[in-house]
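Below, chain A is the first sequence line, B the second, and so on; all start at residue 1.
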Number of protein chains: 4
Amino acid sequence: MDREQRRAQILAIAAEVFAEKGYHDAKIEDIVARAKVARGTFYLYFEDKRGIFEELVSGFVRQLAETIEPIETVPDSDPTRVMRELRSNLLRLVERFTEEPAMAKVLFSAAVGLDADFDQRLLAFYEEIAELLERSLKQGEEAGLVRPGHRRIRAFCLTGIIKELVYQLILRRAVSEPAELVDAMLDLVTDGLFTDPVREAVRASSAPRATR
Amino acid sequence: MDREQRRAQILAIAAEVFAEKGYHDAKIEDIVARAKVARGTFYLYFEDKRGIFEELVSGFVRQLAETIEPIETVPDSDPTRVMRELRSNLLRLVERFTEEPAMAKVLFSAAVGLDADFDQRLLAFYEEIAELLERSLKQGEEAGLVRPGHRRIRAFCLTGIIKELVYQLILRRAVSEPAELVDAMLDLVTDGLFTDPVREAVRASSAPRATR
Amino acid sequence: MDREQRRAQILAIAAEVFAEKGYHDAKIEDIVARAKVARGTFYLYFEDKRGIFEELVSGFVRQLAETIEPIETVPDSDPTRVMRELRSNLLRLVERFTEEPAMAKVLFSAAVGLDADFDQRLLAFYEEIAELLERSLKQGEEAGLVRPGHRRIRAFCLTGIIKELVYQLILRRAVSEPAELVDAMLDLVTDGLFTDPVREAVRASSAPRATR
Amino acid sequence: MDREQRRAQILAIAAEVFAEKGYHDAKIEDIVARAKVARGTFYLYFEDKRGIFEELVSGFVRQLAETIEPIETVPDSDPTRVMRELRSNLLRLVERFTEEPAMAKVLFSAAVGLDADFDQRLLAFYEEIAELLERSLKQGEEAGLVRPGHRRIRAFCLTGIIKELVYQLILRRAVSEPAELVDAMLDLVTDGLFTDPVREAVRASSAPRATR
DNA sequence: GATGAATGAGCGTTCATTCAT
DNA sequence: TATGAATGAACGCTCATTCAT
């Protein structure tokens, strides 16, 4: 087993251990024992415990980012194509998580609240996603696909939906299939929750409040 | 300062410290130093570090639960009233978080990934919320207010939206006012993201895919 | 309840607690809780934990010492009277222990191995007993009642017998009645363990080894 | 120094420290300082403080048990041989203690009154010894070597004699040689303490008391 | 490179004792 | 005199990291 393989093996095992036990309950001892290497060997490949954890998280974050394909939304885009591409982006993203359940658990559990420093980095990561979504919403508005609205808040709403669905998909076994998840979610953000009469009523009652 | 006040003081300071540093980086020393009491005094009021943390989290969770008022949705409910009550529930909830930013941070950060045991409890808490939402969606459907759809997934989507908005509202200073947050979110779940042409197109294209 | 009564009450309770838990596992808290006084009150009556323990032990040791009545063994003493007095001394001693089982437990358990200093004091106490026994054996020899022999070692043997019998009488519930204990013990030290043929044989075989 | 040596070294030093200071006053720091290893090293070899102490005691108890060789006492045994074997058993036992004075001190001092649990174990150990002695006395009686009598009490008397002699032999430097100890003790249990006239008198006076 | 024994800083917790009321 | 809240020194134990072999 050459150097890169050994490194990758330890990395993969560390992901499992962090996923199972969380950052603090995962001991270097647990990792090396499962990898069947000596304690010292670990430090030949990784700077320290924090180092391997950051590498794990940032590597997974990079993978997630690569999963997303930009969607072109020029003014006269075909709405059907845009929706199709959006759907497949979401599907690939959700599937990325289901393919790496350990890393999903690490990202949503072990990496949260680790310390002030790490929290900042996670926040920055979600900020990037939110900004990508914001830009997409802007393009969508400009292309006449998206109803105008508070883009930043919407961006966070969408982030929240995805995070929670994946969180539930991973942490419990069940919920449902990625495709079902994505379709239900798209249904929600496409048509909203309510029936037309409700919508009418809401619109009528909020009209006097003027345009916000 | 009587017994209850002293207890409350230490509890409040512990919330701050846990919020700032996370569970593991928060040392008992930090708490007692900031409370200007001796190490031993801490243990007069709380079982141990884990104990005060659990009390903090479960107390806050209880407060949150009390914030939510049940909404009656009999078949001929007035949609306007329902929406108004929904909005004020959400508003009170979000305000509860903004009034206790430290606890919000603790709940969303420090309490996550603490250990397998605590994760289970958090999951159970979110499960309860999801079940409440599911029941509400069911009543809404039966009252003709809510479009039929996958209620469980929708419940998680809504949970995710609220969590993420509060998370962003707290962890960064910015985003915006609770009311603006709630309104933007309600706008999203009411009318959806897209313009009517897109909706039409989606409906048309997905129709042949048969009934899903 | 006047000062002396209160003091005596705490002392008695402390004896129980020390007996049940041993010196280190007995907490001041245990004592004051059972005595229904405040922590601070304890220190109004006793210097410190060590202080009350020492008082307890030395008080009991004094009681034990007072139990023993000197036996007059002038050259022509009536052996029957001497044996009767010896027996009643032993009986009173053993009964003293059974009347104060808590203090017996303290003396034989809690007070042992407490620290180098306390061990010295216990040793000194047993030394005193041994010296008393030694003097008695000397008088007994001079009065022609006791076979000549290594008096110091014999003194320790006798001490050991008494200690062990009481230890067993107290720490287990059973064994038997004080009188039975004392009689069996007196039987042993009077006639020895073995039958006459054995004694003859031993004497015969050890004779060539010269006078010991 | 290989693993077993290091372990043995720490064990031996711990015995010394426990012997000198007692269980509670012996700090892990004392042990590691004297062994010239780091605090952590201690925990590589032993579970915890209680663990090393129990290992020490149970190891020594096992050694003691192995010291004793069974004595065959068939009906026509040669009394001289039996006494010789008894004497050498006792001598080996006493020498075992003198060879390991630290462990003797631990067994008789530090291990006593440690807590309710440990006390039970010590009691069980002495119970075993008493049972061995009881069985021996029974065989001795059946072989016509031992005068009939209360075997259980006698067993405890003998245990007490041995304990006290060793206790005194170890805790003070003095007393005397193992051989002298054993011989004086055997002399006592063989012929008893008293001269023949006393024995006669006792027998005469207690006769009317009838058979007990 | 690989090993695993050794290190030691660090932390949660206990509890005898004090002292303001 | 009595109280009991407050104190803080002390200690057992953990575990990430180092380093001699």
| task | Report yes if at least one side-chain N or O of B:Thr41 is closer than 4.0 Å to OP1 or OP2 of F:dT7; otherwise report no. | result | yes
| field | Ring centroid separation A:Phe108 to A:Phe97 under 6.0 Å | value | yes
| Do the ring planes of B:Phe53 and B:Phe18 sit parallel (below 30°), tilted (30 to 60°) or perpendicular (above 60°)? | perpendicular
| task | Can you figure out which of E:dT13, F:dT7, F:dA5 approaches the side chain of B:Val37 most closely? | result | F:dT7
| query | Where each residue is assigned the nucleotide of DNA chain F containing its nearest heavy atom, which of C:Ala38 and A:Gly40 is assigned the position nearer the 5′ end? | reply | C:Ala38
| said: Rounded to whole Å, how long is the line connecting atom OH of D:Tyr45 with atom P of E:dA5? | reply: 6 Å
| Tell me: OH of A:Tyr43 to P of E:dG4, nearest whole Å? | 16 Å
| remark: In short, A:Ala110 meets A:Gly22 closest at the heavy-atom pair CB-CA, 4.1 Å
| field | OP1 or OP2 of F:dA6 under 4.0 Å from side-chain N/O of B:Arg6 | value | yes
| task | Check A:Lys49 against A:Ala26 and note the closest heavy-atom contact, atom names and distance. | result | NZ-O, 2.9 Å
| query | Can a donor-acceptor pair under 3.5 Å be found between the side-chain atoms of C:Arg39 and the base atoms of F:dT3? | reply | no
| message | Between C1' on E:dA6 and CD on D:Gln5, what's the gap in Å once rounded to a whole number? | response | 16 Å
| Mapping A:Lys36 and C:Glu47 to their closest nucleotides on DNA chain E, which lands nearer the 5' end? | A:Lys36
| request: Identify the heavy atoms of A:Leu107 and A:Leu64 that sit nearest to each other, and give their distance. | output: CD2-CD1, 3.9 Å
| task | With rounding to the nearest 0.5 Å, note down the distance linking OH in C:Tyr23 to CG in C:Leu56. | result | 11.0 Å
| What is the distance from CD of C:Gln9 to P of F:dA2, rounded to the nearest Å? | 11 Å
| request: Return the value, rounded to whole Å, for the distance between atom CZ of B:Phe46 and atom C1' of E:dT13. | output: 16 Å
| said: Under 3.5 Å for both pairing distances: what stems, at least three Watson-Crick or G-U pairs long, include DNA chain F? | reply: E:2-21 with F:2-21
| said: In the structure I gave you, are the side-chain heavy atoms of C:Glu20 and C:Val17 within less than 4.5 Å of one another anywhere? | reply: no
| request: Compare every heavy atom of B:Pro101 with every heavy atom of B:Ile170, then report the nearest pair and how far apart it is. | output: CG2-O, 3.7 Å
| message | For DNA chain F, which residues of residues 12-35 of chain D approach it to below 4.0 angstrom with any heavy atom? | response | D:Ala26, D:Lys27, D:Ile28
| Interatomic distance, B:Leu44 CG vs E:dT13 C1' [rounded to whole Å] | 12 Å
| note | B:Ile52 CD1 to E:dG12 C1', in whole Å, measures 14 Å
| query | Do A:His24 and A:Leu114 come close enough that some side-chain heavy atom pair is under 4.5 Å? | reply | yes
| request: Report the distance from atom CZ of B:Arg3 to atom P of F:dT3, rounded to the nearest whole Å. | output: 17 Å
